[in-house]
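The sequence lines fix the lettering, A, B, ..., with proteins before strands; numbering per chain opens at 1. The structure presented is a predicted model; accordingly, all values stated were derived computationally and were not measured.
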Amino acid sequence: MPQLPESKQKVKFYQTGTFTVGNRLLEQDHRTVQATIDRSNSLDSGHRACQGCGEALGARFAIDAAMRATNNQLIAANATGCLEVFTTPYPETAWSIPWIHSLFGNASAVASGIAAALKVKGRADVRVIAQGGDGGTTDIGFGCLSGTFDRNDDVLYICYNNQAYMNTGVQRSSATPAAARTATTQPVGDEPGNVFNTGKSVPLVAIAHQIPYVATASVHDLHDLELKVTKAMQIRGARYIEIFVPCPLGWGSLPGDTIKIARYAVECGMYPLIEGEYGEITAVTKIRRRVTVADYAKLQKRFAHVFKPENAHQLEQLQAIADRNIKRFDLVYREGDES
Amino acid sequence: MLKQIEGSQAVAEAVALSRPEVISAYPITPQTHIVEDLGMMVKSGKLAPCEFLLVESEFGALSACIGSSAAGARSYTATSSQGMLFMMEAVYNASGMGLPIVMTVGNRAIGAPINIWNDWSDSMSARDAGWIQLFVETNQEAVDVHIQAFRLAEELSMPVMVCMDGFILTHSYSQVDMPSQELVDSYLPPFQPRQVLDPSAPVSMGAMVGPEAFTEVRYLAHHKQREALKLITEQAAEFGALSGRDSGGLLKEYDCAGKETVVVTMGSVIGTMKEVLAEMRQEGHSIGALTVRSFRPFPIEALQEALKDAKRVIVFEKSLAVGMGGILANDIRMATRGLHLAVHSVIGGLGGRPITRANLRRMFEKGLNDQLNRIHFHDMRMDIVNRELDREKAQRRSGSAAENILSDVGLVAAAKTI
């Protein structure tokens, strides 16, 4: 590519209304994997994901980035779930990489086994990813996941977090946020939706395992996602990346709002983007323009009940959760911070 | 080479001779010594190249083998009892995907009430899971059958369980003739998978199959198991020619040809039985025995042939299908349909209850005198059971049946000593 001529105009570094950096303004080797002609299309077109599916988008970018980072020497183990179902019913497959689905709760153990096989066969060049949704990761697959972390197996586990069991019809998982409506946390009774003070943060649990690398990412900033996956693939040992992937079907949101919702989740403080290495939080993505939880929640029917006058306290409590995250991870951007 | 060796250690050595590439290990009594010994061999470099994975659960143990086998590595694990139940989802998955994993089952009871001693409840819980299940009589046979199991599994793309009586075999010391590495290498070629996860030829494994093809996929698994009957026989014969030993195969006859009464069983209990039966034959009784060595696939034709002259079959098993009766007995009844045999189902040895020459002799004599019920519980104290039934009739909150029964057994035992 020829060097771009120096512009006399002030360079508009961010795209309109966002803080997303325009790809063509970046230096060659910082440009997104998806913009390169040699991207691997690991998750190819023709799959059966819903319109606006955050998971399909996240998986496509994550796996293509991992493919570039490993010179296309990649094997993936997939938990049961939407990603498995919408990409593969035999005899079709949307995967152009070696891919295995075994069970709902064992993707990380299967990946550990693959990594062991590659090690014994002297194939250090071939790398392994395990991937699943939040149910397969934070609930039923949690024991195996912890085992992979504990042994520091050479596996990158990617959790596509859409905050409920979407494949089975939107039931609560331990990643479902407070107040959210799911099929098992209906918006009825005195405290409608999911119960407050429940659930767990698997990224923080992963950091507590003192593994080499942990990160959270979101599909509104795919470039950041690619960078984190690329970084993860340059490290040996157990790594964990959780990607925030809105689900229009389960959240009751417009397919066209997927990116916006993902951005708002981060910008309101509900989904902090962090990185951790060997037990310490090493980086956070600062919020450049803060939005309220109400801005974020009003785009999703799963939170519709928190806007009723009688449930005003729920919205306040949600905002308090976001405020606590912002304080806890020091997410507010100050002049001079790295963006 | 002749060795005086513990069963578990002998199995570990046989597995090591088979050059496994990935072993996953989780401790559960009574198989634990096997993986401990293998771990030692890997750590010391005696067994190399081999990866030894210390997993967080039995579910993880078999899941890791699913991954390593799918990536083309010869994979092994061992389990028992509750551990096997905990991995059950992966048990079905491994066979469904045609992954030739070899797994030792140190046979043990399943709770509640928790019980760590020997019976076959664990293996029986997976009898329909699509694995080949080979039962062994001695530690020598355990050694030989493990080596055969790898070849059988890999040739068929089907996982194999080697079922050995927990403690009775796993923890007992006996003389074992350990095959040489040369013998094993000449018998067992390197693993050539039918399908493998390989970036140079990407495949998608384990995807969904709908109603339009599921029956055919399942039938194929059944068909392959029926075909395996021939292969099991051939490979046992081939191993026998190399080793000079009769191990593996479908059945083993113990002087049962032409006998009126044939005792059918599996595993190590035949060791005690054959002495009793020899004694009884000397006294003029027409009684012999056979063991089923391949429980899955079930050798229907071979059994029909072996039992064609019998009048009465006594099936002795350490397993119970609660609400039905004997599991092996039911399969024997199925297999001998048309032979017009009287098949008696005897259930014994549950949870490690000792099976002695004396109590076997009493039971066999009952059988010869047509005094055995259709289902007979060997060496069971019906009076103890009746006490608990009476208690339950007398009061609603009768407490833990297991505790009550144990107390009664204790009282009775104590009363005996007075």
Notebook entry, point to check: Can you check whether B:Ser204's main-chain N or O pairs, donor with acceptor, with A:Tyr90's side chain at less than 3.5 Å?
Noted result: yes

Check: Quick one: does B:Asn93's side chain have a donor or acceptor within less than 3.5 Å of a partner on A:Ser102's backbone?
Finding: yes

Check: Passes side chain to side chain contact (heavy atoms under 4.5 Å, CB included), B:Glu21 versus A:Lys121? Steps please.
Finding: CA-CA 8 Å; B:Glu21 293 170 293; A:Lys121 288 178 179 295; 3.2 Å; yes

Margin query: Among A:Ile100, A:Val126, A:Thr80, A:Leu118, which residue has the highest count of heavy-atom pairs closer than 4.5 Å to chain B?
Written below: A:Ile100

Notebook entry, point to check: Got A:Arg151 and B:Val55 here, is their nearest side-chain heavy-atom distance under 4.5 Å?
Noted result: yes

Next item on the list: Determine whether more than 12 heavy atoms belonging to other residues, nucleotides or ligands lie under 6.0 Å from atom CD1 of B:Ile114.
Entry: no

Margin query: Heavy-atom cut-off 4.5 Å, strictly under: side chain, backbone, both or neither for A:Asp153 against chain B?
Written below: side chain

Notebook entry, point to check: Between B:Ile66, B:Val203, B:Val209, B:Val22, which has the largest tally of heavy atom pairs under 4.5 Å with chain A?
Noted result: B:Val203

Notebook entry, point to check: Is chain B contacted by the side chain of A:Ala116, its backbone, both, or neither, given a heavy-atom distance below 4.5 Å?
Noted result: both

Margin query: Using the rule given for side chain to side chain contact (heavy atoms under 4.5 Å, CB included), can you reason through A:Asp150 versus B:Glu56, listing the C-alpha separation, both sets of side-chain angles and the distance that settles it, and then say yes or no?
Written below: CA-CA 9 Å; A:Asp150 152 52; B:Glu56 76 297 330; 5.8 Å; no

Notebook entry, point to check: Any side-chain heavy atom of B:Phe59 sitting closer than 4.5 Å to one from A:Leu103?
Noted result: yes

Next item on the list: Please indicate whether A:Leu249 has more than 12 foreign heavy atoms, meaning atoms of other residues, nucleotides or ligands, lying under 6.0 Å from its CG.
Entry: no

Next item on the list: Evaluate the side chain to side chain contact (heavy atoms under 4.5 Å, CB included) criterion for residues B:Met208 and A:Thr88: first the C-alpha distance (whole Å), next the side-chain angles of each, then the deciding distance (0.1 Å), finally the verdict.
Entry: CA-CA 7 Å; B:Met208 182 180 276; A:Thr88 59; 5.5 Å; no

Check: Can you tell which of B:Gly96, B:Gly72, B:Ser63, B:Cys50 has the highest number of heavy-atom pairs within less than 4.5 Å of chain A?
Finding: B:Ser63

Margin query: Heavy-atom pairs under 4.5 Å with chain A - which of B:Ala90, B:Ser68, B:Ser57 has more of them than the others?
Written below: B:Ser68

Note to self: What part of B:Ala201 gets within 4.5 angstrom of chain A, counting heavy atoms only: side chain, backbone, both, or neither?
What the structure shows: neither

Notebook entry, point to check: Considering only heavy atoms, which portion of A:Val128 lies under 4.5 Å from any heavy atom of chain B: side chain, backbone, both, or neither?
Noted result: neither

Check: Is it true that atom CD of A:Gln51 has more than 12 heavy atoms of other residues, nucleotides or ligands lying nearer than 6.0 Å?
Finding: no

Check: Should the heavy atoms of other residues, nucleotides or ligands under 6.0 Å from CD of B:Glu212 be counted, would the total exceed 12?
Finding: yes

Note to self: Shorter than 4.5 Å, heavy atoms on both sides: which option in A:Ser146, A:Cys144, A:Gly147 has the most such pairs with chain B?
What the structure shows: A:Cys144

Item checked: Under 3.5 Å: donor-acceptor pair, side chain of A:His101, backbone of B:Ala207 -> no

Checklist line | Student check: side-chain heavy atoms of B:Asp198 and A:Pro98 closer than 4.5 Å | finding: no

Margin query: Can you tell me which portion of A:Leu74 sits under 4.5 Å from chain B's heavy atoms? Options are side chain, backbone, both or neither.
Written below: backbone

Note to self: Take a 6.0 Å sphere around CZ of B:Phe214 and say whether it holds more than 12 heavy atoms from other residues, nucleotides or ligands.
What the structure shows: no

Next item on the list: Taking the side chain as every heavy atom from C-beta outward, state whether B:Pro199 and A:Ile75 have any atom pair closer than 4.5 Å.
Entry: yes

